[in-house]
Amino acid sequence: MSRKVRRNVSWGMVLLLVGVAVGLDIASRTEEGSPDSYSMVDALSAATRPGTSVVGLIGSDHDGLPDPASRDTELTEAQVEDMVRRAVAMAGGLAQRIEPDADWVAFKVNIVELKKRGSGVITDWRVVKALVRIVHEIVPEARITITEGPPEWIPPGSPEVQVDGDVAIVDGFEVAGFRQLLTDPDLQGIDLDILDLNFDEVHDVDVPGGGYARDTWTMPEVILESDFLISVPVLKIHDAIGMTNAMKNFIGSVPGMVYGWPKMSGYPPHSGNPGIPHHSGILDETILDIVSVAEPDFAVVDAIMCMERDKTDRYGGGIPVRMNTIIASADIIAADAVSAWTMGLNPFDIEYLTLGAFRGLGQVDPERIKVKGDPVARIQRRFVKSPADWGQMGEYGHYGQGCRTWLVKGPFPRASGDDGEYIDVTDPRALPGENGWTAPVYFHEDKIDLDKFYDDPSACAVYAYAEFEAPKEQMAELWVGSDEGMRVWINGEQVYEHDGRRRHRLPNDRRTIRIHEGNNT
């Protein structure tokens with residue numbers, strides 16, 4: 001029974017693209033169920049799957065463990081296994097999820113660099129060993145495959161390939177401690193193997209519902225055909241997208257024989273064959289596309305030794321952080337949301353999570369996620385983000401994302417030279433589906449694309465309305481961009497105006513604004 005392979009300008013001119021972002025760790029939320037509840041959370045909930053997702057969260061000092069240990073101390077292999085078993089059980093377990101006749105279970109680990117266990121850069125092999133034992137107890141006849149598609153190293157004996165840059169000929173599986181699992185006495189009798197995804201058989205797969213970065217992806221057979229697929233990442237800060245974890249882990253699943261070494265280059269190098277879209281403006285969409293076709297069944301997050309400030313220490317940026325924690329869930333988005341929460345991040349600031357929830361892949365709203373085991377507040381530690389002065393990628397990883405859900409009103413035909421308003425901006429009477437306003441509309445990637453929304457309008461004015469919550473009254477930074485004329489009001493007061501055409505970029509401009517504690521419009 002295999003997983004199915006699906007082969008197969010002046011003011012008044014139309015405002016095409018606009019993004020507004022407040023550079024704070026605040027959630028764009030109103031009280032659930034209130035009459036004016038139309039924040040990003042509510043627009044997402046219309047698309048996310050119903051019900052509550054469950055996440056297991058276990059620290060090494062959890063009182064239900066047989067041998068609890070401080071969260072700042074080195075753990076034994078037995079202690080790690082106890083934590084994995086407890087977290088998986090708290091998330092609902094695997095026995096009811098893996099079919100009794102499953103004959104192939106795959107783990108996607110993170111060994112992107114040549115590092116050893118405990119570096120905070122790669123998945124701890126002890127977590128995977130514990131999972132191998134758990135899975136074998138459920139389906140003792142099943143083949144279990146540990147997989148990774150490394151971009152920076154190639155095991156000796158692999159097919160000869162062309163690379164774009166320095167790629168080491170070293171067995172990273174052995175360096176990381178995974179190759180030794182094949183001869184581990186505790187795993188004898190288990191049908192266990194290791195597979196480099198760069199050289200697996202591949203199939204072309206369409207993204208269900210269409211892709212954001214691409215509609216079709218070429219994926220390894222093991223990712224598509226295994227009966228049960230588990231993401232086993234290590235928890236880290238990322239300079240471009242805020243965090244790398246269970247979902248971002250699947251960037252390493254696309255095959256190098258198609259997408260290259262590194263995977264942005266395409267294969268063969270300089271052939272014109274495209275690599276994966278990987279710049280900061282599209283990486284979140286790429287992640288979502290790949291996860292949509294991979295369809296992982298479970299996630300177990302190695303948050304034992306993590307990484308703050310960056311995903312690696314190789315460039316002098318990343319700093320190891322010991323958390324001694326395991327996070328598990330059958331909802332990969334919920335697993336990442338809780339992971340972000342434990343790092344002191346706002347899940348709503350991470351685009352691939354909110355976009356994934358919008359596509360119905362899981363829950364991002366903490367109010368719709370039940371955490372079992374340890375409370376998040378007990379585990380939580382505020383990680384250092386990537387510095388804002390690391391250029392565009394670092395800046396986007398440092399700040400959150402703008403409002404994505406808006407009410408829209410218009411278009412209003414505009415005569416040449418008319419500089420007035422078409423609504424009362426101090427009292428817009430903005431209610432979902434009332435007073436001429438639309439129902440909540442979700443615009444992804446910080447762009448209100450009115451060209452698509454209104455089918456190429458012209459000579460008109462359009463208004464968009466959103467609300468956000470702030471934890472206290474304070475000064476904040478407004479990011480704003482457009483390709484035509486635009487005005488912005490915060491709490492009824494005009495704070496920005498641009499007249500004329502330009503190339504859209506977020507931010508085209510920045511303004512310092514004052515925001516209120518609580519609800520802002």
Side-chain angles (χ1 to χ4, degrees), residues 5-8 17 108 110-113 147-154 158-168 195-225 231 238-241 244 247-296 311-312 351-352 355-356 359 361 391-394 396-397 444-447 449 452 503-506:
V5 180
R6 301 160 300 278
R7 304 177 189 272
N8 323 319
L17 303 172
K108 169 59 180 74
N110 183 334
I111 323 175
V112 67
E113 295 183 33
T147 72
E148 172 62 305
E152 299 186 4
W153 52 269
I154 299 173
S158 300
E160 185 174 343
V161 297
Q162 302 175 48
V163 300
D164 189 10
D166 295 329
V167 177
L195 178 63
D196 188 333
L197 296 173
N198 289 318
F199 303 105
D200 193 18
E201 296 293 324
V202 297
H203 302 283
D204 290 336
V205 188
D206 294 334
V207 179
Y212 285 106
R214 289 186 186 149
D215 289 330
T216 302
W217 292 83
T218 303
M219 297 294 290
E221 190 169 85
V222 61
I223 297 296
L224 302 173
E225 292 281 10
S231 179
H238 193 279
D239 61 342
I241 54 175
T244 171
M247 291 181 69
K248 171 68 165 62
N249 188 31
F250 281 96
I251 288 289
S253 66
V254 298
M257 290 299 290
V258 176
Y259 296 101
W261 287 263
K263 299 191 179 182
M264 301 86 78
S265 62
Y267 193 82
H270 315 297
S271 65
N273 294 331
I276 62 171
H278 199 270
H279 60 83
S280 59
I282 198 67
L283 182 53
D284 293 273
E285 288 82 356
T286 297
I287 292 169
L288 186 62
D289 282 357
I290 294 172
V291 170
S292 296
V293 298
E295 295 182 336
K311 63 180 179 178
T312 177
E351 181 182 349
Y352 63 83
L355 191 56
R359 289 298 292 260
L361 299 184
Q392 187 182 36
M393 289 188 72
Y396 276 85
H444 85 285
E445 59 180 5
D446 288 320
K447 295 178 182 178
D449 192 339
K452 292 181 180 178
R503 181 177 180 179
H504 174 269
R505 178 183 183 274
L506 189 64

Exercise for the section: Take Ser292 and Leu361 through the side chain to side chain contact (heavy atoms under 4.5 Å, CB included) test and state the conclusion after the steps. Expected result: CA-CA 8 Å; Ser292 296; Leu361 299 184; 3.6 Å; yes
Practice task
In sequence, state the C-alpha distance, the side-chain angles, and the governing distance for His203 and Glu221, and then conclude on side chain to side chain contact (heavy atoms under 4.5 Å, CB included).
Solution key: CA-CA 7 Å; His203 302 283; Glu221 190 169 85; 3.0 Å; yes
Problem - Stepwise side chain to side chain contact (heavy atoms under 4.5 Å, CB included) test for Met257 and Val161 - result: CA-CA 8 Å; Met257 290 299 290; Val161 297; 3.5 Å; yes
Handout entry: Trp261 vs Phe199, ring-ring contact (aromatic ring centres under 6.0 Å, His included): CA-CA, chis, key distance, verdict
Key = CA-CA 12 Å; Trp261 287 263; Phe199 303 105; 5.6 Å; yes
Practice task
Step by step, work out the side chain to side chain contact (heavy atoms under 4.5 Å, CB included) result for Glu285 and Glu351.
Solution key: CA-CA 8 Å; Glu285 288 82 356; Glu351 181 182 349; 2.7 Å; yes
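Annotation: the span from Asp204 atom CG to Asp215 atom CG amounts to 12.5 Å, rounded to 0.5 Å. Here the straight-line distance linking atom NZ of Lys311 with atom CD of Glu113 works out to 7.5 Å at 0.5 Å rounding. Remark: Leu283 CG to Thr244 OG1 distance equals 9.0 Å, nearest 0.5 Å. Residue Tyr259 holds its OH atom at 4.0 Å from OG1 of Thr218, rounded to the nearest 0.5 Å. Once rounded to the nearest 0.5 Å, the distance linking CD of Glu201 with CD of Glu225 reads 11.0 Å. Atom CG of Leu288 and atom CG of Leu355 lie 5.0 Å apart (nearest 0.5 Å).
Contact annotation: the side chain of Ile154 never approaches that of Asn198 to less than 4.5 Å [non-hydrogen atoms, C-beta and beyond]. Between Ile111 and Trp153, the closest side-chain pair of non-hydrogen atoms falls below 4.5 Å. Counting heavy atoms from C-beta outward, Lys263 and Ile251 have side chains that stay 4.5 Å or more apart. Contact of the Tyr267 side chain with the Asn273 side chain is not registered, since no non-hydrogen atoms from C-beta on lie closer than 4.5 Å.
Across Arg359 and Pro208, no two heavy atoms sit closer than the pair NH2-O, 2.7 Å. Closest approach of Leu197 to Lys108, counting heavy atoms only: CD1-CD, 4.0 Å. Heavy atoms only, all atoms of each residue included: Ala294 and Ile223 are closest at CB-CG2, 3.6 Å. Minimum heavy-atom separation, Val222 to Asp200: N-OD2, 2.9 Å. Residues Ser265 and Gly260 come closest through the heavy atom pair OG-CA, 3.9 Å. Annotation for Val202 and Pro255: closest pair CG1-CG, 3.7 Å, computed over non-hydrogen atoms.
Judged by distance alone, the side chain of Asp289 and the main-chain N or O of Arg214 form a donor-acceptor pair under 3.5 Å. Here the side chain of Thr286 pairs no donor or acceptor atom with the backbone of Ala213 at under 3.5 angstrom.
Scanning for side chain to side chain donor-acceptor pair (under 3.5 Å) contacts around Ser158 gives an empty result, with sequence neighbours left out.
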